[in-house]
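One structure is given here, and the rest of the page talks about it.
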Amino acid sequence: MEEEWSADANEAIELSLVSTTSGKPIATFHPQFTYGVFGESENIFGYKDPNLQISFAANDMKCCLDISYEDKMEPQGSVQAEDLEAIITEFLPEDCEKDLKEFQTIILQRDDTKWRPPGDKISEYSLKGKTYEVWRSTIDDPYCRSILKNIQILITFYIEGGTAIDLEDEEWTNKRWEVFFLYEKSATNHTFIGYCTCYRYYLYNSKSPDTSRIRISQFLILPPFQHQGHGKNLYNSLITHFLTITSIREITVEDPSEAFQSLRDIQDLHRLIPALTQSNLTPQSFSNKSFPSADIRTPAKLPVRQFARVCEMFMLRGIEKGDEKSMKAFRLLVKARIYKQNKDVLAQLDRLERIDKLHDTYLHVEDEYKGLLIAARTAPVEEEEMEEIEMAKKRSANGEGGRASKRVRVAE
């Protein structure tokens with residue numbers, strides 16, 4: 001009976017962007033995660049062929065929930081079907097419409113010809129003949145806050161472990177939240193592509209009391225627009241914006257996903273290649289501290305760890321095949337950094353286990369860098385070598401390694 005009345009929530013929920021000029025869907029897509037709504041099983045119980053359609057107006061993301069199903073299970077003692085509307089509306093704004101036809105009518109009756117995103121436009125770019133704009137605002141702006149209310153559910157659906165921002169927090173806190181909206185701009189309307197939220201922390205500096213650190217918190221490009229270059233353009237737009245603000249000393253990221261870390265690594269590498277090339281960075285110059293790291297890291301506003309990753313990728317990129325001397329210097333350099341970051345954990349292992357664990361971690365880092373350099377198109381890698389990289393990733397994921405037996409996690 002349980003299987004008969006059980007459905008996959010990821011398939012049952014359908015999201016769509018609705019055109020503000022035609023009232024028809026521009027794009028339709030499904031959630032990546034629904035455990036935040038329906039529990040770890042990500043199943044809906046008590047219905048046959050349920051469909052939860054959440055439609056968003058393409059500009060201000062005003063939403064509508066429309067629920068349908070083929071059949072609903074009759075209560076059997078204490079066992080009964082879930083209240084779908086009660087469950088899902090906890091994650092939607094109070095003014096969410098419940099009638100799809102009425103929602104489409106309301107959208108078409110609005111005059112959105114002069115509609116514009118909240119805040120100020122900070123950049124724009126073109127892709128395949130279309131124009132895209134990045135707008136910056138803060139949560140203390142009611143207009144910005146209303147759009148965020150409409151899209152809070154996207155955090156649950158697409159950011160693993162993500163939590164919604166408290167939009168009713170104190171005013172001084174809301175002013176510290178910056179939001180960057182990405183829209184496609186046409187002659188008649190705007191279409192929401194994605195967004196990023198950032199929080200400004202106080203950073204103590206005796207010489208400058210207004211110094212702060214930016215933390216990128218949530219970063220999302222909607223599924224229909226992913227893998228098209230929008231992520232890197234949004235990221236570079238907000239980085240360029242923060243680089244112009246002298247009071248911001250550092251740009252950090254809150255618990256980045258693997259995909260976002262890769263995007264960040266590649267874009268930061270591209271950004272620093274000219275300065276690192278001019279400085280003649282090599283494993284030898286980095287090790288003997290003749291490399292002027294502060295002169296490059298400080299204006300780039302990168303945290304120490306992220307700057308080290310970028311430098312290591314740059315150095316690996318420049319090592320020619322067969323140059324064992326440079327490769328050994330690079331290997332020792334990376335291992336020294338990993339050891340320093342994980343000294344307390346590694347100290348729990350005996351000498352041979354420590355050497356094994358350190359080397360396994362290094363191999364994982366090297367393979368990761370090679371994959372990123374391929375993605376960044378900054379270094380040619382032969383097909384056989386790419387296969388080796390993929391095999392190494394699988395070995396790492398399966399926990400295969402050398403002599404190490406203790407389950408100690410070494411963080412790269």
Side-chain angles (χ1 to χ4, degrees), residues 116-125 132-145 147-148 165-167 169-183 185 193-221 229-256 260-261 263-276 278-279 292-311:
R116 49 175 274 173
D120 302 307
K121 185 173 76 171
I122 63 167
S123 69
E124 70 174 54
Y125 61 92
Y132 300 89
E133 300 175 340
V134 178
W135 291 70
R136 175 198 168 274
S137 186
T138 55
I139 292 183
D140 66 320
D141 175 1
Y143 189 19
C144 171
R145 198 159 57 245
I147 294 180
L148 284 181
I165 298 172
D166 182 3
L167 301 177
D169 210 340
E170 296 183 32
E171 184 179 355
W172 68 269
T173 300
N174 285 343
K175 286 183 177 180
R176 288 179 173 270
W177 278 106
E178 299 186 35
V179 187
F180 296 82
F181 295 104
L182 174 59
Y183 279 90
K185 174 68 170 70
I193 303 296
Y195 78 113
C196 175
T197 60
C198 304
Y199 190 79
R200 187 179 300 209
Y201 281 96
Y202 174 73
L203 181 64
Y204 175 75
N205 188 317
S206 58
K207 297 180 180 179
S208 179
D210 295 328
T211 302
S212 59
R213 173 191 289 120
I214 282 289
R215 182 191 67 187
I216 298 174
S217 180
Q218 299 156 341
F219 191 102
L220 175 65
I221 301 296
H230 296 301
K232 72 174 185 180
N233 279 289
L234 177 57
Y235 177 77
N236 289 331
S237 293
L238 62 94
I239 293 298
T240 300
H241 170 74
F242 290 138
L243 290 177
T244 64
I245 303 175
T246 55
S247 62
I248 295 176
R249 296 299 177 88
E250 197 171 73
I251 305 169
T252 64
V253 180
E254 177 188 3
D255 193 18
F260 182 81
Q261 184 60 51
L263 180 148
R264 181 191 186 196
D265 286 336
I266 292 171
Q267 298 311 311
D268 287 348
L269 174 62
H270 279 304
R271 182 159 57 97
L272 265 63
I273 279 179
L276 296 177
Q278 188 174 3
S279 69
S293 60
D295 294 344
I296 299 176
R297 186 179 74 83
T298 302
K301 301 186 179 182
L302 287 180
V304 173
R305 179 184 178 275
Q306 179 64 9
F307 182 68
R309 284 177 61 85
V310 172
C311 288

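In what follows, residues are counted from 1 in the order of the sequence shown.
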Spacing of CG belonging to L238 relative to SG belonging to C198, to within rounding of 0.5 Å: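 Rounded to the nearest 0.5 Å, the CG-SG separation comes out at 5.0 Å.
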Mind checking the CG-CD1 spacing from L276 to I273? Nearest 0.5 Å is all I need.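 Atom-to-atom, L276:CG and I273:CD1 are 8.0 Å apart.
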Could you give me the CA-CA distance, side-chain angles and deciding distance for R215 and R200, then say whether side-chain contact (heavy atoms from CB on, under 4.5 Å) is met? CA-CA 6 Å; R215 182 191 67 187; R200 187 179 300 209; over 6 Å; no
Please determine whether side chain to side chain donor-acceptor pair (under 3.5 Å) holds for the pair D265 and Q261, giving the CA-CA distance in whole Å, both sets of side-chain angles, and the decisive distance to 0.1 Å. CA-CA 6 Å; D265 286 336; Q261 184 60 51; 2.8 Å; yes
Can you tell if the side chain of [X] reaches within under 4.5 Å of the side chain of [Y], non-hydrogen atoms only?
| X | Y | answer |
| --- | --- | --- |
| I165 | Q218 | yes |
| N236 | N233 | no |
| I193 | Y132 | yes |
| L263 | Q267 | yes |
| W135 | L182 | no |

Could you walk me through whether T252 and I216 satisfy the side-chain contact (heavy atoms from CB on, under 4.5 Å) test, starting with their C-alpha distance in whole Å, then the side-chain angles of each, then the deciding distance to 0.1 Å, before giving a yes or no? CA-CA 6 Å; T252 64; I216 298 174; over 6 Å; no
Decide whether T138 and E178 meet the rule of one side-chain donor and one side-chain acceptor closer than 3.5 Å.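 No, no side-chain donor-acceptor pair sits under 3.5 Å.
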Please test Y199 against I214 for side-chain contact (heavy atoms from CB on, under 4.5 Å), starting from the C-alpha separation and ending with a verdict. CA-CA 6 Å; Y199 190 79; I214 282 289; over 6 Å; no
Check the pair K301 / E250 against salt bridge (Lys or Arg N to Asp or Glu O under 4.0 Å), numbers first and verdict last. CA-CA 4 Å; K301 301 186 179 182; E250 197 171 73; over 6 Å; no
In terms of the angle between their ring planes, are Y195 and F181 parallel, tilted or perpendicular, with boundaries placed at 30° and 60°?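 Parallel.
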Are K185 and E133 close enough for a salt bridge, meaning some N to O gap below 4.0 Å? no
Candidate pair H230 and Y235, rule side chain to side chain donor-acceptor pair (under 3.5 Å), full reasoning: CA-CA 8 Å; H230 296 301; Y235 177 77; over 6 Å; no
For S137 against C144, the heavy-atom pair lying closest together: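 Taking S137 first and C144 second, the nearest heavy atoms are OG-CB, 3.3 Å.
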Start with the C-alpha gap between I296 and F307, add the side-chain angles, then the distance that decides, and say whether side-chain contact (heavy atoms from CB on, under 4.5 Å) holds. CA-CA 9 Å; I296 299 176; F307 182 68; 3.8 Å; yes
